[in-house]
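Reviewing the structure listed below.
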Amino acid sequence: MATETEQARTDGDAPPYRYTGALAAEIEARWQGRWAAEGTFVVPRTTEPGPAGKFFLMDMFPYPSGEGLHVGHPLGYIATDIFGRYLRMTGWRVLHTLGYDAYGLPAEQYAIETGTDPRSTTEANIRRYRAQIARLGLAHDPTRSVATTDESFYRWTQWIFLQIYNAWYDERGQRARPITELAAAYEAGGVPTPDGRPWSELSERERADALDARRLAYRARVPVNWCPGLGTVLANEEVTADGRSERGNFPVLRRELTQWMMRITAYADRLLEDLEHLDWPESVKTMQRNWIGRSEGASIDFPLRGTGAALEVFTTRPDTLFGATYMVVAPEHPLVDTLVPDAWPAPAPQSWTGGHATPLEAVDEYRSRAAAMTERDRQAEARPKAGVWTGAYATNPASGEAVPVFVADYVLAGYGTGAIMAVPAHDQRDFDFARTLGLEIRPVVAATDGRDPYDTSGWTDAYVGDGEVINSAGEAVSIDGKRVGDAKRAMVEWMESAGVGRGTVSYKLRDWLFSRQRYWGEPFPIVFDDSGRAHPLPESMLPVRLPDIDDYRPGALDPDDAGSDPEPPLARATDWVEVTVDLGDGPRRYRRETDTMPQWAGSCWYELRYLDPGNDRELVAPQLEEFWMGPQREGDTGGVDLYVGGVEHAVLHLLYSRFWHKVLHDLGHLSSREPFRRLFNQGYIQAYAYTDRRGVHVPAGEVVERGGRYWYGDEPVTRSYGKMGKSLKNSVSPDEICNRYGADTLRLYEMYMGPLDVSRPWETKAVVGQLRFLQRVWRNLLDEATGSPTVVDEAPDPGTERLLHATIDAVRAEMEALRFNTAISRLIELNNHLTARRAPVARSVAEPFVLMLSPFAPHAAEELWARLGHDATLAYEPFPQADPGKLSSATVTYPVQVDGKVRATVEVPADASATDVEAAALAGVAGWTEGRAVAKVVVVPGRIVSVVLTKRA
RNA sequence: GGGCGCGUGGUGGAACGGUAGACACAGCGGGCUUAAACCCUGCGGCCUCUGGCGUGAGGGUUCGACUCCCUCCGCGCCCACCA
């Protein structure tokens, strides 16, 4: 194993086999080469579990940016690698690999900035990431790594799109079904047609429309963040607080455009229910629950006076219907135009009319002002409630009273029905609005907090608590005297029987906007005919390749022109856009869809492709999916056994992928109901950052400390602290650490810094501690001058043996719980013990030690293992097992407390009875109990003795 | 405003309700060395020090509380006019 060149590479006059950064680098390169050559971590395409079972282990895959990795990125990868190596050594068949999420706006922007095409920059970035990650010695199956931009990958992304497009949601069966079954359901009358006419009376075109109306992927006109300056719509996360684009700082305008949508709302209840079965952090589950935002309530129809129409509202408080003294519709509500009369029907105060001569004028003026505001402006806190009367009245269905209808932007068009009944006495927002406009506040629930339940003149806020219903008796219905809960039920019951309302459920979750006017994404497998109708391409025509084009920039338009239309870059690929295909009725000319899919698309399903990356006939072979991800017991959802990544994906990625997974499950492609059975959020690596006096970040690596202050060159700078990354200019490259200390030291350091789920500050000068640890291990087992092992084939001393088994016991427990920081502490303690003995280490201690070290420092451990005389890799060696007989010693030391304070320790035989322990303890603290009676003695076996004295008089 | 977390030495952190501060970084001392580094080894919460006080503050439960319960303070994250 030792070579002449090794010696030439060691530092200065250090012994030739001292474990230094240089020696580590050499060892690491050698073992990485050997693992690759021998295919050590390649997982066969079979369905054979290990003795302990199978384990599908996964990281959230990286987006390969142009900056390369910093030491924060691989934190999770190192953790999963350690866990995977441990699992392998404890008999599990482990599937672990890493792919690349490579489509999306950052790659495209980077390409534009560097003047190269996205494909070549993306490929270069992936190569760089692969090289940087390879240096860390991760035991990934290299044959399963995929990139979302691979044709062999995105062809299946497109295939899944077609599956979703060709499906509808059967509410009765609560699952997706193929669209072909919808026609049958329409025909049989099981599902009503959009306008209620029988299926047989519909024309061909109407039938196609009826099918399109229920698809899970559909086109609709929706409000979007339109950024003419960038020529694309943007996701909400790409819009800054002041309504401009994150990239380029162009205005972002609200505009209605026809876009592809995904009907994720159909799955709202199932996405909610299955959270119960997932082993996920409670915080992430809560975020998803809030995002879905299910609330139970009622829909109520308020007839509009003077028209045949009714205004439908959603409320969670049907019990307060008698307290509804006015109504509010959102400015965008479709009924606004029809309900506005020509003139004010009655004299109205200035606060209602805004001083306008006619309702139309008032409403128009208010609406145009609301439209000019950005979404952020509208939602700004502490903005006084404002609005105008529409001039219309509706009828409260319970009391028969006339209630005025207002337009106000505190009601959102996108939630519920976009209209509310306002109960100012019991809703804070309505209360604020009523006080501003001078509207009646009528209590209908008796307040129990001391305020006057009947006279609201002294109220400073709405009463939202429970209480007895009052003022709620009418000719049709009376609920006076009931508590809020009962009153809700009674009201819904009455409304349903009277036909004026019904119990309903509302969600905050919206359908998912799935189009982007960008180049660098998956093309849709869709073409349009002359009439503009969308047609899916058949599976045989996949993949629809992303064409190479000369100018992949988005169309640059007047940044302030909200009326402009997007010009997707693909539209300029005219040869590609115009296509002649035969969709069953002979070859015809079509135009391709020129939008592309959002960045989430590939990450929605990549876990499935890891299972069967080379399969060109199926997304994944069913038996492989069932083996790796299938449910394992009654009620189990199935899914990846452990998914590790940052909490920033708590909602979007993790909700979208759950949605796709459920559709594919419903359509019979997957046995698992959920993609990720267990989720773990690792913390971030943070670091100090420095700003100059203009507040601009300076490179943290070049800042020096002098006299308690920080300097960048001659300029004093201010220290701050935050997540490591490009924006704070505080990145540290893993390459730099690998060069100085080696990858094993980096791995140990990152894991040792703290619990995996907690963010921790990077400190380069602290890394040396882990190098010293490895050096001591090395020196305890090898001769630094020759590299030969110094271990002896003798039995270890009893103390060392006991510590070894205690360490094994503890390390196993820490590993199972992903507590790698404390597992490493245990190994350090054992090694410190070996160091302090200053004697050769017994082989029976050295070998288990090396095996326990190997998940953390695999290269050094492999080298030690080989030098101890083993030929094969230790990756599949059984992990040491503690011998219970060697864990305990002959005696036990008990701390003895008197009145809660430790006063002595006593040593007793391990098999001493509680009585004996008590006697020894009392003898040990005799000096402390003098003159006082012992009231009670608590003996906790193996732990502690607690003596309680009688109270001093 | 709502929800979820978290507060322990100079620093990162450890502690099934059972001797608070393991382990490590930084610091200080001893040994080795011509010397320095490395290495080995020791010290280290605070105080009026045979004892007392200490895990953000205050209370409670318990033989015993960093840990469980209540109130408050501070910090972080997420959502936020969702009817």
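Everything numeric in this text was worked out from a predicted model, so none of it was measured. Each chain gets a letter, A, B and so on, in the order the sequences are listed, and its residues count up from 1.
- One finds no side-chain N or O of Lys765(A) lying less than 4.0 angstrom from the OP1 or OP2 phosphate oxygen of rG12(B).
- Tyr507(A) and Trp291(A) have their aromatic ring centers separated by at least 6.0 angstrom.
- Distances shorter than 4.0 Å separate none of the side-chain N or O atoms of Asn290(A) from OP1 or OP2 on rG2(B).
- Between Asn681(A) and the phosphate of rC77(B), there is no side-chain N or O to OP1/OP2 separation shorter than 4.0 Å.
- Between Asp899(A) and Thr822(A), the residue anchored closer to the 5' end of RNA chain B is Thr822(A), taking for each the nucleotide with the nearest heavy atom.
- One finds no side-chain N or O of Tyr752(A) lying less than 4.0 angstrom from the OP1 or OP2 phosphate oxygen of rA24(B).
- In this structure, Arg819(A) atom CZ and rA22(B) atom C1' are separated by 14 Å, rounded to whole Å.
- Listed by first residue number, the stems of RNA chain B with at least three Watson-Crick or G-U pairs below 3.5 Å are B:1-7 with B:73-79, B:10-12 with B:23-25, B:27-31 with B:39-43, B:45-47 with B:51-53, B:56-60 with B:68-72.
- Electrostatic pairing of Glu296(A) and Arg294(A) counts as a salt bridge here, judged by a charged N lying under 4.0 Å from a carboxylate O.
- Remark: P of rG12(B) and CD of Gln770(A) are 17 Å apart, rounded to the nearest angstrom.
- With hydrogens and angles ignored, no donor-acceptor pair under 3.5 angstrom links the side chain of Ser825(A) to the base of rC23(B).
- In terms of the salt bridge (charged side-chain N to carboxylate O under 4.0 Å, His left out) criterion, Glu918(A) has no residue partners (sequence neighbours excluded).
- Using a 4.0 Å heavy-atom distance criterion, Ala836(A) is classed as a sugar-phosphate-only contact.
- Look at Arg779(A) and you'll find a side-chain N or O under 4.0 angstrom from OP1 or OP2 of rC40(B).
- Annotation: Phe433(A) is in aromatic contact with Tyr326(A) [ring centroid separation under 6.0 Å].
- A gap of 23 Å separates the P atoms of rC72(B) and rC77(B), to the nearest Å.
- For the pair Lys385(A) NZ and rG1(B) P, the computed distance is 14 Å after rounding to whole Å.
- Tyr688(A) and Tyr721(A) have tilted rings, their planes meeting at an angle from 30° to 60° on a 0 to 90° scale.
- Taking side-chain N and O atoms only, Arg760(A) has no distance below 4.0 Å to OP1 or OP2 of rU11(B).
- Within the 4.0 Å cut-off from OP1 or OP2 of rA83(B), not a single side-chain nitrogen or oxygen of Ser506(A) is found.
- Straight-line distance between the C1' atoms of rC39(B) and rC32(B): roughly 8 Å, to the nearest whole Å.
- Spacing between atom CD of Glu814(A) and atom P of rA15(B) amounts to 7 Å, rounded to whole angstrom units.
- Taking the side chain of Pro755(A) as heavy atoms from C-beta on, and the options rA83(B), rG18(B), rA14(B), the nearest nucleotide is rA14(B).
- The same atom, P, is picked in rC69(B) and in rA20(B); the two are 22 Å apart, to the nearest Å.
- With hydrogens and angles ignored, no donor-acceptor pair closer than 3.5 Å exists between the side chain of Gln428(A) and the base of rG1(B).
- In this structure, CE of Met287(A) is placed 18 Å from P of rG2(B), rounded to the nearest angstrom.
- Rounded to an integer number of Å, the gap from CH2 of Trp762(A) to P of rC25(B) is 15 Å.
- For Arg772(A), a side-chain nitrogen or oxygen approaches OP1 or OP2 of rA26(B) to under 4.0 Å.
- The salt bridge (charged side-chain N to carboxylate O under 4.0 Å, His left out) search around Asp757(A) returns none, not counting sequence neighbours.
- Remark: Arg435(A) does not engage Asp430(A) in a salt bridge, criterion side-chain N to carboxylate O under 4.0 Å.
- With His649(A) contributing its side chain and Leu654(A) its backbone, the two residues share no donor-acceptor pair below 3.5 Å.
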